[in-house]
Each structure stands twice: as structure tokens, then as C-alpha cells.
Enquirer: 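Below is one structure. I have some questions about it.
Letters A, B, ... are given to chains in the order of the sequence lines, protein chains preceding strands, and every chain is numbered from 1. Computed from a prediction, not measured in an experiment: that's the story for all the values here. These values consider heavy atoms only, across backbone and side chains, with no hydrogens, waters or symmetry-generated copies.
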Amino acid sequence: MKEYRSIRSIQGPLIRVDGVTGVGYSEVANIRLEDGSRRMGKVLDISRDSALIQLFEGTEGININGSGVSFLGETLHFGVSPEILGRVFNGVGKIIDDGGEIIPDKKLDIDGFPINPYARDYPEEFIETGVSAIDAMTTLVRGQKLPIFSASGLPHNELAAQIARQARVVGKDEKFAVVFAAMGITFEEARFFQKDFARTGALERSVLFINLADDPAIERIATPRVALTAAEYLAFEKDMHVLVILTDMTNYCDALREISAARKEIPGRRGYPGYMYTDLASIFERAGRIKGKKGSITQIPILTMPEDDKTHPIPDLTGYITEGQVIISRVLNKKGIYPPIDVLPSLSRLKEKGIGEGKTREDHGNVTAQLFASYARGKEAKELALILGEASLTEDDVKFAAFADEFEQRFVAQSVNESRDLAATLDLGWELLKKIPRKELKRVKEEQIKKYMKAGTD
Amino acid sequence: MNKKGKIIRVAGPLIQAVGLDDVKMYEVVHVGRQGLIGEVIEIQGEVISVQVYEETGGIAPGEPVEATGSPLTVELGPGLIQSIYDGIQRPLEKVREQTGDYILRGVRAAGLARDKKWEFKPLAANGTQVQEFSILGTVKESEAIESKIMVPPGVSGKVSGIKAGSFLVTDDICKVGDTPVQMMFKWPVRKPLPYTKKIQPSEPLVTGTRVIDSFFPVAKGGTGCIPGPFGSGKTVVLHQLAKWSDADVVVYVGCGERGNEMTDVLTEFPELLDPRSGRPLLERTVLIANTSNMPVAAREASIYTGITIAEYFRNQGMDVAVMADSTSRWAEALREMSGRLEEMPGEEGYPAYLTSRIAGFYERSGVVEAGTPPRTGSVSVVGAVSPPGGDLSDPVVQATLRMVKVFWSLESSLAYQRHFPAINWLNSYSLYIDDITDFYEKNSMKEFPAMRKQALKILQEESSLQEIVRLVGVESISDEDRLTLETAKILREDFLHQHAFDEQDAYTAVSKQFKMLGIIMMFHERAEKAVKKGVPIKQIMDIPCKEKIARMKIMDEAELPEVEKILKENFAALQVAGGGKEE
């Protein structure tokens with residue numbers, strides 16, 4: 001392999017090498033430092049006389065005269081095999097646990113290829129997470145990408161771990177795996193997930209990719225892609241149902257911004273590059289199901305919204321790509337409600353197709369529509385009471401306000417270790433609806449009221 | 001002339017090459033050893049810049065570039081209907097046969113199947129003098145669509161050797177003058193398909209969505225846009241339009257959006273039946289799917305591919321509706337290419353030519369006459385726009401609003417209340433109301449425009465009244481004003497709110513909408529009279545017919561006169577009671 005000793009410039013995460021020939025776009029570059037250590041990079045721009053390389057591992061210690069660059073003649077690949085289960089890798093797919101080398105079945109391009117829309121199978125298989133606010137209101141289905149929009153200081157990690165622990169498809173015993181990609185999270189956060197997986201025995205069916213906060217930021221660009229390559233292999237070649245947790249996408253986007261700035265590209269909103277939508281889509285669109293394949297990829301990306309702002313480019317662009325969002329609310333968290341899911345702005349776009357008779361329960365759609373409407377009205381009534389005083393509320397509004405409180409405390413709230421099955425969740429919904437005047441139950445059918453609303457005091 | 005050159009630079013979807021003299025702007029070139037498809041977008045001396053429609057990973061300087069001598073074209077002929085294409089008209093079904101579940105690189109697949117025979121029925125006789133777009137015969141493409149086979153553009157003369165039979169799209173079906181004519185022809189996507197003349201739109205595109213048809217209608221041959229933040233239901237509205245609008249052919253362009261949404265269309269449309277033909281909706285649909293993870297340059301081409309196919313059906317005399325979801329992603333593709341070309345950016349990094357490109361796209365809509373004898377056909381275009389943070393000052397929204405005549409403003413606050421379609425009735429507008437007044441008159445719905453105006457006025461008043469109520473409480477406003485609030489509530493909940501996933505509610509015929517709105521307006525009028533006479537507002541609020549009104553959306557149209565009857569009876573009874581109390 002030819003080594004070029006012609007580095008011309010080093011700037012941030014980028015280096016430029018002169019006089020290269022026969023090097024392709026996106027190819028992997030291997031940088032040898034003076035002390036013999038090696039770094040990995042990727043060709044971002046290649047012209048007749050020079051190549052621009054983005055490093056995955058930082059440029060510290062690279063110099064112009066002593067370091068050399070060679071090109072591997074292929075794009076970045078990750079070696080896959082069933083042995084990857086239970087193992088821990090760094091952000092670019094190198095083993096970091098003490099389990100020894102893995103002999104790969106084959107090596108796959110980490111960028112993957114777009115799934116042909118014609119080959120996709122529509123996701124409509126209900127996943128029970130045991131979390132009422134998600135199962136009933138923001139239903140998750142197999143092959144969906146449903147992000148958690150959170151903010152600093154909120155228990156999104158607990159929620160993600162709980163979902164990973166409890167998620168199952170009712171009545172089926174199938175091969176299940178978790179692929180976990182950490183981008184720039186702290187050591188404690190990573191430990192939390194590792195310990196939780198170990199405690200519940202999930203570790204041997206998990207693949208972990210860990211890029212911590214003090215690891216090179218640039219490495220994060222590769223992390224979700226390596227993780228999804230592993231997920232695609234497990235799902236579509238090994239017939240497993242894979243749940244992919246990506247955390248924290250905000251750190252990923254910041255790394256993207258860092259490279260864009262180093263390349264002196266025209267910045268878009270808040271300095272993020274104009275192609276961030278396309279870049280994020282190339283990650284999130286790797287969720288799904290394929291016709292004729294048994295496995296599936298379900299993604300739960302987690303992102304922390306800077307300043308709790310949903311219109312910030314990161315949550316904004318994510319929301320345009322993903323199939324809904326679960327929003328974690330600071331207000332509910334302060335009230336001591338776990339999980340603090342704000343169901344009103346949360347949404348699952350695939351809910352309608354994944355619920356109902358034969359899938360969940362015939363009343364699922366109607367009872368949740370009624371819960372939504374009643375909770376929204378209750379919250380409105382409570383706001384009104386704040387301005388005009390409780391006395392100004394009509395008799396009905398008082399009932400709705402009381403309902404809203406109970407809904408938060410009994411329906412949304414549950415313990416970290418509690419897994420409520422869907423029937424229990426829906427029955428609880430019906431029980432709460434007893435507080436609402438009967439004539440206001442416009443979204444449920446009369447037969448359903450008879451069938452599901454247990455006779456009680458109200 | 002040198003038809004082969006060499007790559008000198010690769011930067012993502014943009015490559016630069018030298019050695020191709022005489023290459024033209026927008027000419028298609030084949031890039032690299034795998035022969036990826038690209039299009040020339042800049043020429044500077046001997047250096048040409050090419051946007052490549054496929055991933056460029058692994059391509060190196062020194063690899064060949066080959067000119068094809070032709071611009072990016074689509075194939076027009078039998079076989080378009082029911083197809084699903086990528087942005088440059090490669091059938092995704094064929095692509096899957098070649099490369100499996102993933103889209104790999106360097107796939108070549110013709111837009112129209114080369115191995116399928118179509119039954120051609122001639123209509124033109126031998127010896128007839130024909131011009132471009134004259135009809136030669138017909139082919140039944142699906143149970144719902146009978147395509148007309150037209151003389152290709154630029155060809156004219158006497159027909160000879162025309163024969164009925166079963167042909168491939170590439171077989172000669174006759175000669176026009178000295179030119180052998182096949183059932184298909186190619187046309188460059190960036191050039192509008194010629195027509196004889198444009199005419200003013202005069203008919204609404206009926207969509208079955210009440211807030212659209214009754215309040216903010218779009219005309220056949222018109223343009224509309226639907227901007228909104230994520231989760232506000234843009235795609236659901238576009239799907240509703242694609243499903244139920246009374247166009248002959250629907251071209252749905254999924255431009256940089258979710259893969260699963262296209263799958264949704266593909267699984268749902270074969271099962272849903274067109275209310276007019278009774279045939280599956282897919283039998284009148286052409287799909288272009290360039291999802292967000294597919295190459296960005298092909299996204300730029302996809303909307304042109306879509307509209308060119310629409311123009312082809314329009315020239316056959318059909319009404320075609322194009323849905324583009326989302327034009328923002330198309331604009332972002334423009335921005336990305338512009339950035340890589342290092343052009344001077346305009347607003348928000350978008351190129352300065354963004355406005356003219358958007359204008360050029362929407363201008364390809366319209367009602368036109370084409371062919372001899374002239375046939376009237378139309379292309380209506382509805383584009384979704386996805387502004388960052390839902391902010392309407394976004395350059396793509398602003399450029400689009402300058403072009404289109406209908407604006408459906410989606411709002412997340414309505415979406416949170418689960419009021420769908422979340423189209424805000426205060427901000428939205430349609431400039432086609434005057435154009436289609438005649439249509440209402442012809443269809444004995446003369447009062448429609450006046451009713452619409454009054455309903456909108458009530459909703460407008462509601463929004464100012466609500467502000468007062470928020471300050472002083474509902475008890476302190478007059479009974480007239482409380483009635484306005486009541487009617488507005490009925491309009492919102494029982495008329496504008498529509499459930500896209502409910503079998504009965506998803507589609508409402510215009511005549512039914514007319515009756516529904518008529519009954520609500522009658523309620524208002526009678527209630528107003530009653531209030532004037534001194535009937536307490538409480539009685540009107542509790543009037544029994546309100547419950548019937550709330551159920552009108554799921555009733556049969558034939559049941560509505562019954563509601564009207566009950567309403568009249570209720571009010572007649574009121575007057576007595578009210579009159580009694582007045583003493």
C-alpha cells in the first residue's frame with residue numbers, strides 16, 4: 001500500500017494530502033503518526049492533485065513532515081457475524097471489551113444502501129412496551145422510528161432502558177436483539193445502560209457501540225452508521241427483531257456541524273449544515289421491514305432539545321423524518337410523574353394502522369381519542385381556572401380538570417419496573433373516563449361503553 | 001467531437017470532469033466505470049460540473065465520463081399507470097429484480113416495460129393528415145384508464161400502415177409522413193410538453209375534504225400549497241387529495257420523504273376504490289418515490305419527472321392532479337448542489353434562482369387545449385412545504401406563496417387538539433372562488449359562495465370574541481355574540497373537522513357539503529331570529545337538533561332533509577316557548 005508523505009494542511013478534523021492518485025470518494029484513509037500509532041479517516045473531496053480527509057479520531061499529534069497517509073481502496077466497512085452479540089465496540093466499530101477478536105462472516109459498508117420503497121413492508125405489528133402513555137396513546141409498531149424528544153436533566157435514559165427491557169410482541173416468542181449506540185454521552189450514562197442490560201440478562205442479546213463524551217467528537221459521525229449496519233445484518237440476515245437505541249442525536253448533529261464549519265460550508269440555521277436533513281434521513285430511514293424477511297429494525301433515537309425548544313433544527317428536522325415523537329415534559333417531571341410523557345404533542349404516525357380489532361383491541365382507537373380530547377379539555381379548564389379562578393369553571397369543566405390530574409397521576413405515571421399490559425392500560429383508561437359526564441363521551445361508541453366501562457360509583 | 005472525458009474531482013453528488021468538448025447544459029452523462037447517471041449543471045471552459053443521481057462513494061479522479069448527447073428524458077406511453085418510479089423514472093419493481101431489497105448503483109431500467117404487449121385500437125384512418133398530438137388510437141392501460149396514443153411532438157403528415165393488434169411500446173404502429181411511429185416517445189423533463197393554448201380554470205377539483213371544497217377550493221388546472229410544521233398532517237391531507245380528488249390521473253411525487261409513506265400508498269391504494277369508477281385507486285395513479293435517503297440529486301429531478309408525466313396525460317385530454325411531497329426537500333437538493341458549486345447564496349443559503357425554479361414548476365400547471373381537434377385537459381399541482389419550525393417566513397414558503405393561488409395553512413395547535421385536517425380557517429385562502437362561481441350555478445348550488453362567505457365571517461368573529469371571553473368570561477357577552485360562538489363551534493366540530501381514517505367521513509360529496517353547510521347556516525339564521533325575539537340563549541344551546549347536526553358527517557346525503565325538517569320543527573317549538581317567557 002502506497003504511503004503519501006505529502007500532507008499539506010491540518011485543520012480541525014480535516015487534513016489535505018497532495019499528489020494522490022487513484023483514490024476514490026468516501027474511501028477510508030489510514031494516517032500513520034510519527035510515533036507509529038494509526039488513525040482512521042474518510043475522503044470528503046478528491047480532485048486530481050489532492051484529497052481532503054475527515055478524521056474519525058481527532059488530529060492531535062499529526063504533523064506535516066513526520067506523518068503519512070495511505071488509502072485502503074474501500075469505503076468504511078464493519079465486519080459482522082453472529083458473534084457480535086454481547087460485545088462492546090467503540091464508535092467506529094473496534095472491539096473495546098476483553099472478549100477477543102471476532103472473525104467476521106463478511107464486511108459491510110457502514111453507509112448501507114437505501115431500502116427500495118417497493119421492497120418495504122408496511123409496519124403494523126404492535127409492540128407492547130408496558131408503558132401506558134406509549135402503548136395506548138403513542139403506539140409503537142415494529143419497523144417504526146419513534147424518537148424521544150427530551151432535554152437535559154430529564155429521565156429519557158430510564159425510559160429508553162425500560163422500553164428495551166419490556167418491549168415485546170404479544171403472543172409471539174421471537175428472536176430479539178438490542179443494538180445500542182452511544183454518542184458523546186457520559187461514562188455514567190453508558191454505565192447505566194450497560195448495568196441495566198446486564199441486570200436483566202439483555203446483555204448477551206445486545207450489541208453496544210460506545211462513544212463517550214471524552215472520545216473524539218468526529219468518531220460520532222460513524223457510530224450510528226456502524227450500529228445500523230450491525231442491526232441490518234441481525235434483522236435481515238439473521239431474522240431478528242432489532243431495537244436500536246441511538247443516544248444522544250444532539251451530540252451527533254454537533255459533530256456534523258463541526259465538520260461543516262471546518263470545511264467552511266455555508267451554514268444553515270444555527271450553524272448546522274444545510275444537508276443535515278438528508279444526513280439524518282440516511283440514518284433514520286434505515287429502520288423498517290422488508291417484504292419476505294422475518295426480522296425488523298425499530299429505532300428509538302433519543303435527543304435532548306437545546307433550551308427545551310422543539311423548533312430547534314435538531315428536533316425539527318428529526319420530526320420531519322421520523323414517524324412521530326415521544327415528548328418528555330419538564331413540567332410533568334417536576335410534578336414527580338414518571339415517565340413524564342406529554343401525550344398531547346406526542347404522536348405516533350403509524351398508530352392508526354397498528355391498532356384495533358385483531359391487532360390490539362377494538363376499542364383502542366376510540367378510547368384513546370376520548371382520553372386525548374378529555375385530557376386536552378381538562379388542561380384547558382385548568383389554565384382558565386388559573387386566570388379567572390376556580391369559581392368561573394362550569395360544572396363540567398371542574399370534572400374535566402379533575403380528570404386531567406388523575407390522568408397524569410394514574411395513567412401516565414407508573415413505576416420504572418412496572419410493565420402494564422395493554423388490556424390493563426385500556427381498562428384503566430375506561431375507569432378514568434367514568435369521571436367525565438356521560439353526554440361528553442362523544443368519541444367512544446355506546447356499545448363500547450357498555451362493554452368496557454365497568455359499573456362503578458359514578 | 002470527443003464523447004469521453006475524465007473525472008478530475010469528486011465531492012459528494014457533484015463531480016467535475018474535463019475532456020468533453022461540446023457537451024451541453026443539462027445533457028446526461030455516464031459517470032465512472034459503473035456508468036452512473038448524471039446531468040451537466042455547469043460548464044466553465046473545459047471543466048464541466050455534473051450532478052450525479054446515484055451515490056458516488058469509491059469513484060476516483062481519472063475514471064471516465066461519457067456524454068450521451070441527450071438531456072434527461074422520460075418515456076411517455078402505455079405502462080405509466082400503476083408504476084412506481086424513482087426520481088429519474090427507473091421502475092422500482094425492476095430495480096428490485098436487479099439488485100434486491102436495496103437500491104445499489106449503476107442500475108439501468110427503462111421507464112416503460114419493453115416486454116409487455118398492449119392491445120392497440122386505431123382511431124385514425126390511413127391517409128388522414130395528422131399533426132403532433134393528434135390521436136392515432138387507444139390502449140386500455142388499466143380498467144380505469146384508456147390511454148390515447150398520440151402523434152409524437154414534432155411529427156406531422158399522412159398516416160399510413162396503421163393497424164390494430166398487440167404491440168410492444170417500441171413496435172411501429174404506423175407511419176406519419178415518412179416517420180415510423182411507436183406507442184411511446186421520449187421528452188426532456190425540464191421542458192414543458194407543448195400545447196395549443198392555455199385557458200382560465202373554471203371548475204373545482206373536488207376533493208371530498210370539506211374544509212377544502214367548501215372554504216378553500218382549488219380549481220382543476222390550479223395550484224395550491226400546504227405548508228406546516230411536522231406532525232400537522234401535511235402528508236395525510238395530500239394522501240386524501242390523491243385518494244379522493246376527481247382527477248382522471250393522479251401523479252404522486254414523494255420527494256425526499258419517508259419510505260414507509262410510499263409503502264403505505266402502495267399497500268392502501270390497490271384496496272381503496274375510486275368513488276367514481278368503482279375501480280382500485282392504484283389504477284389511476286403514477287407514483288414517483290425518491291425517499292429522503294435516496295440520492296439527493298435525483299430528488300431534484302423527481303418533481304420534473306412527475307410533472308412531465310402529468311402533462312402527457314393532460315395532452316390526452318385528461319384532468320391530472322400532481323401531489324408533490326415535499327417541495328422543501330426539492331429546494332434543499334437545489335441548495336446542496338448550489339453550495340457544492342460554490343455559488344453565491346441567496347436567502348438561508350438557498351440559491352438566488354430558487355424563486356424562478358419554483359415559479360417555473362408551478363407554471364406548468366393549467367387548463368390547456370392540445371392536439372387537433374383540440375382536447376381540453378388540465379394539470380393541477382398541490383405542493384407540500386415543510387418550513388423549519390413551521391415558520392412561514394421560510395424562503396421556500398414565500399417563493400411558493402407568490403406563485404400559487406390556494407394556501408392551506410396547517411397549524412400545530414389544531415393538530416394537538418386533534419382537529420384534523422389542521423387547516424387554519426382564518427389564514428388560509430383560495431383565489432379561485434370567482435372562477436368557479438359558474439360551476440356552482442350550473443350544478444344548482446348557486447347559494448354556495450354566499451354561504452361560504454357568511455360561515456367564514458362567523459368564524460372570524462369567533463376569534464375576536466374568544467379574546468374578549470378570555471378576559472371577561474362567557475357570561476358577560478351578549479346573547480347574539482354567544483350564538484355566534486355556538487354556530488362557530490358547530491362549524492368547527494361538525495363541519496370542518498373530518499376524520500381521514502373513518503370510512504364514512506373520509507369523503508364528502510360536494511352536494512352533501514352544500515346541504516350540510518346549508519343546514520348549519522339555517523340553524524344560525526333561525527337562532528338569530530329567535531334570539532332577537534328574546535328566546536334565552538340557553539334554550540338554543542340545548543336544542544335537540546344539534547345532536548343531529550353533529551351526526552350529519554356520517555349520515556347518508558339522503559338523510560339530510562330529515563335533519564332540516566327536525567331543525568325547523570325545533571325552532572318552531574322554541575318560538576312558542578320563548579314567546580311564552582317573554583310575557
Enquirer: Using heavy-atom distances under 4.5 Å, tell me whether Thr21(A) contacts chain B through its side chain, its backbone, both, or neither.
Expert: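 Neither; nothing under 4.5 Å.
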
Enquirer: Gly274(A), Ser26(A), Pro313(A), Ser282(A): which one forms the most heavy-atom pairs within less than 4.5 Å of chain B?
Expert: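 Of the options given, most contacts go to Gly274(A).
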
Enquirer: With a distance cut-off below 6.0 Å to the six-membered ring centre and an angular limit of 45° from the axis, does Lys291(A) pair with Tyr118(A) as a cation-pi contact?
Expert: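 Yes, cation above the ring, under 6.0 Å and within 45°.
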
Enquirer: Please rank Val296(B), Ile84(B), Ile15(B), Leu104(B) by heavy-atom pairs under 4.5 Å with chain A and give me the top one.
Expert: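 Ranked by contacts with chain A, first place is Leu104(B).
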
Enquirer: Heavy-atom distances under 4.5 Å only: say whether Phe372(A) touches chain B with side chain, backbone, both or neither.
Expert: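 Side chain of Phe372(A) only, per the 4.5 Å heavy-atom cut-off to chain B.
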
Enquirer: Is it the backbone or the side chain of Glu93(B) that comes under 4.5 Å from a heavy atom of chain A, or both, or neither?
Expert: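 It is both, since atoms from each part get that close.
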
Enquirer: Checking Asp121(A) against chain B: side chain, backbone, both or neither under 4.5 Å from a heavy atom?
Expert: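 Just its backbone gets close to chain B.
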
Enquirer: Could you tell me which of Arg105(B), Lys6(B), Glu63(B), Met294(B) has the largest number of non-hydrogen atom pairs under 4.5 Å with chain A?
Expert: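 Maximum pair count with chain A is reached by Met294(B).
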
Enquirer: In terms of side-chain geometry, is the basic nitrogen of Arg289(A) or Asp101(B) positioned less than 4.0 Å from the acidic oxygen of its partner?
Expert: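 Judged by the 4.0 Å cut-off on N to carboxylate O distance, Arg289(A) and Asp101(B) do not form a salt bridge.
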
Enquirer: From Glu323(A) CD over to Ser348(A) OG, what is the distance, rounded to the nearest 0.5 angstrom?
Expert: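 Glu323(A) atom CD to Ser348(A) atom OG measures 8.0 Å (nearest 0.5 Å).
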
Enquirer: Between Leu347(A), Val20(A), Ile290(A), who has the most heavy-atom pairs with chain B when the cutoff is under 4.5 Å?
Expert: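 Of the options given, most contacts go to Ile290(A).
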
Enquirer: Quick one: what part of Arg377(A) sits under 4.5 Å from any heavy atom of chain B, side chain, backbone, both or neither?
Expert: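 Neither part.
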
Enquirer: Under 4.5 Å heavy-atom distance to chain A, tell me which part of Thr291(B) shows up: side chain, backbone, both or neither.
Expert: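 For Thr291(B), side-chain heavy atoms alone lie under 4.5 Å from chain A.
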
Enquirer: Taking Arg340(B) first and then Glu336(B), would you say they form a salt bridge - that is, a charged N and a carboxylate O separated by under 4.0 Å?
Expert: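 Salt bridge present between Arg340(B) and Glu336(B).
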
Enquirer: Can you tell me which of Ala376(A), Gly319(A), Ala287(A) forms the most heavy-atom pairs within a distance under 4.5 Å of chain B?
Expert: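 Highest number of heavy-atom pairs under 4.5 Å: Gly319(A).
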
Enquirer: Answer with yes or no whether the side chains of Thr235(B) and Asp325(B) bring together a donor and an acceptor at under 3.5 Å.
Expert: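 The answer is yes; a qualifying pair exists.
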
Enquirer: How long is the span from the CG atom in Leu410(B) to the CG atom in Leu392(B), to the nearest 0.5 Å?
Expert: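 Between atom CG of Leu410(B) and atom CG of Leu392(B) there are 10.0 Å.
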
Enquirer: Go through Glu348(B), Arg299(B), Glu55(B), Glu261(B) and name the one with the most non-hydrogen pairs under 4.5 angstrom from chain A.
Expert: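 Ranked by contacts with chain A, first place is Arg299(B).
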
Enquirer: Looking at chain B, which one of Tyr122(A), Phe113(A), Phe236(A), Tyr277(A) has the largest number of heavy-atom pairs inside 4.5 Å, strictly under?
Expert: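 The candidate making the most pairs under 4.5 Å is Tyr277(A).
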
Enquirer: Please round to the nearest 0.5 Å and tell me the distance separating atom CD of Glu300(B) and atom CZ of Arg329(B).
Expert: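 Rounded to the nearest 0.5 Å, the CD-CZ separation comes to 15.5 Å.
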
Enquirer: If I measure from the heavy atoms of chain A, does Val95(B) come under 4.5 Å with its side chain, its backbone, both, or neither?
Expert: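 Both parts, heavy atoms under 4.5 Å.
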
Enquirer: Is chain B contacted by the side chain of Ile115(A), its backbone, both, or neither, given a heavy-atom distance below 4.5 Å?
Expert: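 Both backbone and side chain of Ile115(A) come within 4.5 Å of chain B.
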
Enquirer: Looking at Asp494(B) and Lys553(B), is any side-chain nitrogen of the basic one under 4.0 Å from a carboxylate oxygen of the acidic one?
Expert: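 Looking at Asp494(B) together with Lys553(B), the answer is no, because their closest N to O distance does not fall below 4.0 Å.
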
Enquirer: Under 3.5 Å, is there a donor-acceptor pair linking the side chains of Thr75(A) and Asp109(A)?
Expert: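 The criterion, which ignores hydrogens and geometry beyond distance, is satisfied for Asp109(A) and Thr75(A).
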
Enquirer: Examine whether an atom of Leu266(B) lies under 4.5 Å from a heavy atom of chain A, and if so say whether it belongs to the side chain, the backbone or both; otherwise answer neither.
Expert: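 Only the side chain of Leu266(B) comes within 4.5 Å of chain A.
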
Enquirer: By a 4.5 Å heavy-atom criterion (distance strictly below it), what part of Gln16(B) contacts chain A: side chain, backbone, both, or neither?
Expert: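 No part of it gets close to chain A.
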
Enquirer: What part of Ile46(A) lies closer than 4.5 angstrom to a heavy atom of chain B: side chain, backbone, both or neither?
Expert: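 Both backbone and side chain of Ile46(A) come within 4.5 Å of chain B.
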
Enquirer: Between Asp279(A) and Arg225(A), is there a side-chain N and carboxylate O pair less than 4.0 Å apart?
Expert: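 Salt bridge: yes.
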
Enquirer: Could you walk me through whether His312(A) and Tyr272(A) satisfy the ring-ring contact (aromatic ring centres under 6.0 Å, His included) test, starting with their C-alpha distance in whole Å, then the side-chain angles of each, then the deciding distance to 0.1 Å, before giving a yes or no?
Expert: CA-CA 10 Å; His312(A) 184 283; Tyr272(A) 293 96; 5.6 Å; yes

Enquirer: So which part of Arg96(B) gets closer than 4.5 Å to some heavy atom of chain A, the side chain, the backbone, both or neither?
Expert: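 Both backbone and side chain.
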
Enquirer: Could you tell me which portion of Val18(B) (side chain, backbone, both or neither) has an atom closer than 4.5 angstrom to a non-hydrogen atom of chain A?
Expert: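 The side chain, not the backbone.
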
Enquirer: Would you call Arg258(B) and Glu285(A) a salt bridge, taking side-chain N to carboxylate O under 4.0 Å as the test?
Expert: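 Salt bridge between Arg258(B) and Glu285(A), a charged N being under 4.0 Å from a carboxylate O: no.
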
Enquirer: What residue in Arg269(A), Glu27(A), Arg349(A), Glu265(A) has the most heavy-atom pairs under 4.5 Å with chain B?
Expert: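 Result: the option with the highest number of such pairs is Arg349(A).
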
Enquirer: Tell me, for Ile59(B) versus chain A, whether the close heavy atoms (under 4.5 Å) come from the side chain, the backbone, both or neither.
Expert: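 Just its backbone gets close to chain A.
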
Enquirer: Check each atom of Ser50(A) against the heavy atoms of chain B and say whether the ones under 4.5 Å are side chain, backbone, both or neither.
Expert: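 Neither part.
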
Enquirer: Can we say Glu411(B) and Lys234(B) salt-bridge, meaning some charged N sits less than 4.0 Å from an Asp/Glu carboxylate O?
Expert: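 Not counted as a salt bridge, because no side-chain N and carboxylate O are separated by less than 4.0 Å.
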
